[in-house]
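Accompanying notes for the structure given below.
Note that the structure is predicted; figures quoted are calculated from it, not measured.
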Number of protein chains: 2
Amino acid sequence: MNSSRPVTIKDIARRFRCSPSTVSRALNDHPAINEDTRKNIQEYAKEVGYQRNEVSLSLLNKKTASLGVVVPTISNYYETAVIEGLHTVLQPMGYTLNICVTNESYLLEKESLSKLLSNRTEGIFLSVSQETYDAGYYEHLESVIQRKTPLIFIDREYEDFETSRATVDDYHGAFAAVEHLITIGYKQIAHLKGPNGLTVSEQRFKGYVDCLKKYNMPVREELIINTNFNVESAIMPTKRLLDIDSPPDAIFGVNDQVAIGAMRVAKDKGLRIPQDIGLVGFDNSPISAYTYPSLTTVHRPGRKIGMEASRLFLNQLNGSEDFAPEHIVLPSELVIRESSLRI
Amino acid sequence: MNSSRPVTIKDIARRFRCSPSTVSRALNDHPAINEDTRKNIQEYAKEVGYQRNEVSLSLLNKKTASLGVVVPTISNYYETAVIEGLHTVLQPMGYTLNICVTNESYLLEKESLSKLLSNRTEGIFLSVSQETYDAGYYEHLESVIQRKTPLIFIDREYEDFETSRATVDDYHGAFAAVEHLITIGYKQIAHLKGPNGLTVSEQRFKGYVDCLKKYNMPVREELIINTNFNVESAIMPTKRLLDIDSPPDAIFGVNDQVAIGAMRVAKDKGLRIPQDIGLVGFDNSPISAYTYPSLTTVHRPGRKIGMEASRLFLNQLNGSEDFAPEHIVLPSELVIRESSLRI
DNA sequence: ATATTGAATGCAAACGTTTGAAAAAATTTC
DNA sequence: GAAATTTTTTCAAACGTTTGCATTCAATAT
């Protein structure tokens, strides 16, 4: 009544002048408990709003039913789609998701992992930060592995780790995008490349380069400029691209945001899309279907990645001693829209 | 070596033939511990990768350092911005965020809250689901209040609850948006209204209506159509709007997504923006600055809301017995861009 | 030599719950 | 009415850690 201290089993036991064991069993419908006792206790428990202390259970059973999700950011569509996918599968199973955002920082990533381990998280989904990736750090992962806490990589991967991973086939998606542009008849295809070093950037870049080579088209250094993953970062690079002597007649952006930034710059310059310049993005974010013109892009199944990653986790959890990690690669899919459909 | 069971203080104690107390004190740099003992124990602990079991500490201290965030969705820009704001303040303080997505369902919301309480979460940030709101349910909140677990409402509010809240001033934002359109000279301003019943929708709607009234402009029923918060949901309603006898010359969308959907439809119909039709959104999402034309919108400080909500939580946590809940209303701000700037 | 101090360590309880085994109480059987 | 059986309840330990108090042991003071 007065205090806010949660009601415990002991409190109830005192009230009924019985032992905590009896209360516990009554609440859990244990058959050995007298029907009346059970009913009384259950009623009383409901009345006073008893709620089991899961913390004590976690300690006892060494099961926390909580999972860590460590990602560089949650402000992009794709990342939230992945988290939604994880949620869809794992929330109904009773798991709680602890989301940690690293802001691409190694230190934050390290601390997050350490915290999650201390909290006895039962599994960790990790998309490594750029800093970690650049520097090639991996010691902070050792303790996770050593603890045998299931560790599932999402998208950004570490080649040398024997863990499960769920990634999207960025390479072939990029390849298909560029091939499409070539088929349509674009001759000078630029690429707004993501930050160097990240698998995502590099794979798409590789798809771009390999496709050009396949069609015996030159890979012009000056048509490749780095950006980040947001709209803003595409503005200056696109302006530069359009100002060079023999400017590109198509741009393949590392993601939709970047492509939309490029679209904006092109329009400001009075270029018609797709007649004067073709545009392709990557992600198939919801907005891409409704830009004007709508944006050709590569679908990246974020939700599915999240769901597959969940599956990988569950496999590992229920797996035998000699469990072998899986590497899922989901296909990406070219979505052709107006921004590249020059007749 | 063989097992994956985490090393405990007892393990270390056994190794050094001392008591767990000594190990605990050594690890915590307790002054009463012999220097050598301390060093040896600390070294060994590091060597075997000892990591304190926070679960047991949570039980002992009744502090879990975890907070619940219960939101209807995480696929909108605004929601993730809020979460980022919470993160920014609370992660450095050692708090872990448990994100629960309700998909606008009352049942999921109820279960999420119950779970969070069972896990002895120290505070809950809640943006109630549409279903909960529509039905006017509130019993599931009682137990949170009764437990005296700090409960902070975000955006969607319950008038009758004595809790802290952080909301954006939707009303005046909408008012300013419509006033701006009127000032520019638009005469027939339509509104793509969000789902009925939600504070967010209703407040913006009220701002729209009140502004029209202030300027003695008629409120035409047929110029008000419901949408959801995504692009897709704006397509049909906008088509309908543009097909009526005396169509609107401006549209105020409940958010940027909806406005962008409207923009797309208008363009498809060959209308020039802003000459033939003016457009205003709400949110100031990153993309809104880079649509073509760029979208006039109302800035909604999601990150700030998250940070303010954190502050409210901390206030309540450190507050005295007679703590009085606060209601923060952050101003929204009109951002004028091209889509409404008819000369 | 004995009392006094001080440093270093150990004991035991606590947090809330579950659970196998033992004990107690109630019921049945002869 | 006692023995056997069944039903119901309690005991005690466990999960991992911290911490006030007690204890041990050695060193110093008398």
Side-chain angles (χ1 to χ4, degrees), chain A residues 3-42 44-45 48-66 94 115 117-122 147, chain B residues 3-42 44-45 48-66 94 115 117-122 147:
Chain A
S3 162
S4 69
R5 187 177 62 80
V7 177
T8 74
I9 269 191
K10 286 184 185 176
D11 296 331
I12 301 180
R14 232 184 323 270
R15 159 74 174 66
F16 282 93
R17 288 202 183 75
C18 70
S19 74
S21 336
T22 303
V23 177
S24 170
R25 290 198 170 96
L27 293 174
N28 293 318
D29 289 327
H30 193 283
I33 295 296
N34 180 284
E35 184 63 16
D36 287 344
T37 317
R38 207 211 61 193
K39 227 163 53 193
N40 287 334
I41 291 182
Q42 287 193 354
Y44 180 75
V48 295
Y50 169 78
Q51 252 172 326
R52 189 157 81 184
N53 185 333
E54 295 288 346
V55 177
S56 74
L57 260 197
S58 293
L59 181 59
L60 185 61
N61 298 332
K62 302 172 182 230
K63 299 232 165 134
T64 55
S66 76
K115 188 117 188 287
L117 286 183
S118 281
N119 286 332
R120 298 301 187 260
T121 291
E122 292 181 41
R147 261 284 220 320
Chain B
S3 163
S4 67
R5 187 176 63 81
V7 177
T8 73
I9 268 192
K10 286 185 184 173
D11 296 331
I12 302 180
R14 234 186 321 271
R15 160 73 173 67
F16 282 93
R17 288 203 184 74
C18 69
S19 75
S21 338
T22 303
V23 177
S24 171
R25 290 195 173 97
L27 293 173
N28 292 319
D29 289 326
H30 193 284
I33 295 297
N34 181 285
E35 185 63 15
D36 287 343
T37 318
R38 208 212 59 192
K39 228 162 52 192
N40 286 335
I41 290 183
Q42 287 192 355
Y44 180 75
V48 296
Y50 169 79
Q51 249 171 328
R52 186 158 82 187
N53 185 333
E54 294 288 345
V55 177
S56 75
L57 261 197
S58 293
L59 181 59
L60 185 61
N61 298 333
K62 301 173 182 233
K63 297 231 165 133
T64 55
S66 76
K115 187 117 188 287
L117 286 183
S118 281
N119 287 332
R120 297 301 186 261
T121 291
E122 291 182 42
R147 261 286 216 321

Tightest non-hydrogen contact, residues A:I12 and A:Y44, listed as CG2-CD2, 4.0 Å
Could you tell me how far apart [X] ([atom1]) and [N] ([atom2]) are, to the nearest whole angstrom?
X: A:K62; N: C:dT19; atom1: NZ; atom2: P; value: 15 Å
X: A:N61; N: C:dT19; atom1: CG; atom2: P; value: 7 Å
X: B:L59; N: C:dA13; atom1: CG; atom2: P; value: 17 Å

So [Y] and [X], do their side chains get closer than 4.5 Å, heavy atoms only?
X: B:T22; Y: B:S19; value: yes
X: A:V55; Y: B:T64; value: yes
X: A:K62; Y: A:R120; value: no
X: A:Y50; Y: A:I9; value: yes

Give every residue pair that meets the ring-ring contact (aromatic ring centres under 6.0 Å, His included) criterion with at least one member in residues 22-41 of chain B, sequence neighbours excluded. none
Report which part of the nucleic acid [X] touches: base, sugar-phosphate, or nothing (heavy-atom distance under 4.0 Å, all strands).
X: B:L60; result: base
X: B:S58; result: nothing
X: A:K10; result: base
X: B:L57; result: sugar-phosphate

Taking side-chain hydrogen bond (donor to acceptor under 3.5 Å, both in side chains) as the test, write out the residues that go with B:T121, two or more places apart. none
Kindly write out the residues that satisfy side-chain hydrogen bond (donor to acceptor under 3.5 Å, both in side chains) with B:Q51, not counting sequence neighbours, or none if the list is empty. A:S114, A:R147
Between A:V7 and B:A32, who's closer to the 5' end of DNA chain C by nearest nucleotide? B:A32
Between A:S56 and B:I33, name the one whose nearest nucleotide on DNA chain C is closer to the 5' end. B:I33
Hey, where on DNA chain D does chain A first and last touch, going 5' to 3'? Cut-off is any atom under 4.0 Å from a heavy atom. D:dT8 to D:dG16
By the salt bridge (charged side-chain N to carboxylate O under 4.0 Å, His left out) test, which pairs, at least two apart or in different chains, include something from residues 14-29 of chain B? B:D11-B:R14, B:D29-B:R38
Ordered by number, residues from residues 11-25 of chain B within less than 4.0 Å of DNA chain D (heavy atoms) are B:S21, B:S24, B:R25
